[in-house]
Amino acid sequence: MNKETLTKKYTNGTITIVWKPGVCIHSGICVRGLPQVFNTSLKPWINMQQATTEQLIAQVNQCPSGALSFYHNDEQDDLTIQVDAETKL
């Protein structure tokens, strides 16, 4: 698996945080800002249950590299389109 394109996702049910390790510059802003959520000594290193959704969003928005991003789960569901198709031979 290529680290540069690797993407990991963590969710609390309301939002999903997306982490791209190949983009991360390890500034430590996330760890210092919400150490109860972002703990590099643990696996998984993001524990979203330790902060409110608003706190998570505010912290992710401070990521200088863009390695951390988020989306609202209900918005992602809106992007999913079900297509009913039948293959005829």
Side-chain angles (χ1 to χ4, degrees):
M1 182 164 288
N2 185 347
K3 185 179 177 183
E4 292 179 15
T5 59
L6 180 66
T7 299
K8 295 192 175 191
K9 296 180 180 182
Y10 307 85
T11 188
N12 67 359
T14 304
I15 65 168
T16 296
I17 291 179
V18 180
W19 178 50
K20 298 178 181 176
V23 176
C24 185
I25 61 172
H26 306 288
S27 68
I29 291 173
C30 57
V31 174
R32 288 189 302 277
L34 284 177
Q36 70 276 23
V37 173
F38 300 97
N39 185 338
T40 58
S41 298
L42 300 176
K43 289 194 181 206
W45 77 284
I46 298 176
N47 183 350
M48 295 184 61
Q49 309 312 316
Q50 298 299 316
T52 67
T53 296
E54 292 76 20
Q55 290 172 314
L56 294 166
I57 290 170
Q59 191 61 54
V60 167
N61 283 336
Q62 293 181 41
C63 180
S65 66
L68 291 171
S69 61
F70 76 93
Y71 60 83
H72 291 271
N73 292 346
D74 58 349
E75 290 175 6
Q76 186 70 13
D77 291 341
D78 291 343
L79 297 176
T80 304
I81 300 171
Q82 181 176 345
V83 177
D84 294 320
E86 181 179 334
T87 302
K88 294 182 181 182
L89 299 177

What is the distance from atom OG1 of Thr11 to atom CZ of Phe70, rounded to the nearest 0.5 Å?
12.0 Å
Using the side chain to side chain contact (heavy atoms under 4.5 Å, CB included) rule, take Trp19 and Cys30 through it: C-alpha gap first, then chi angles, then the decisive distance, then the call.
CA-CA 12 Å; Trp19 178 50; Cys30 57; over 6 Å; no
Would a 4.5 Å heavy-atom cut-off, applied to side chains only, mark Ile46 and Phe38 as touching?
yes
Those residues that, when tested against Ser65, pass side chain to side chain contact (heavy atoms under 4.5 Å, CB included) (two or more places apart)
Val23, Ile25, Cys63, Ala67
How long is the span from the CE atom in Met48 to the CG atom in Leu34, to the nearest 0.5 Å?
10.5 Å
Spatial distance of atom CD1 (Ile17) from atom NZ (Lys8) [nearest 0.5 Å]:
14.5 Å
Verify the cluster assignment for Val18 and Leu68: are they in a single hydrophobic cluster under the rule of side-chain heavy atoms below 4.5 Å apart?
no
Validation: residues 54-61 side-chain donor-acceptor distances under 3.5 Å, sequence neighbours left out:
from, atom 1, to, atom 2, distance (Å)
Gln55, OE1, Thr52, N, 2.8
Gln55, OE1, Thr52, OG1, 3.3
Gln59, NE2, Ile29, O, 3.1
Asn61, ND2, Ile57, O, 3.3

Do Leu42 and Asn47 come close enough that some side-chain heavy atom pair is under 4.5 Å?
no
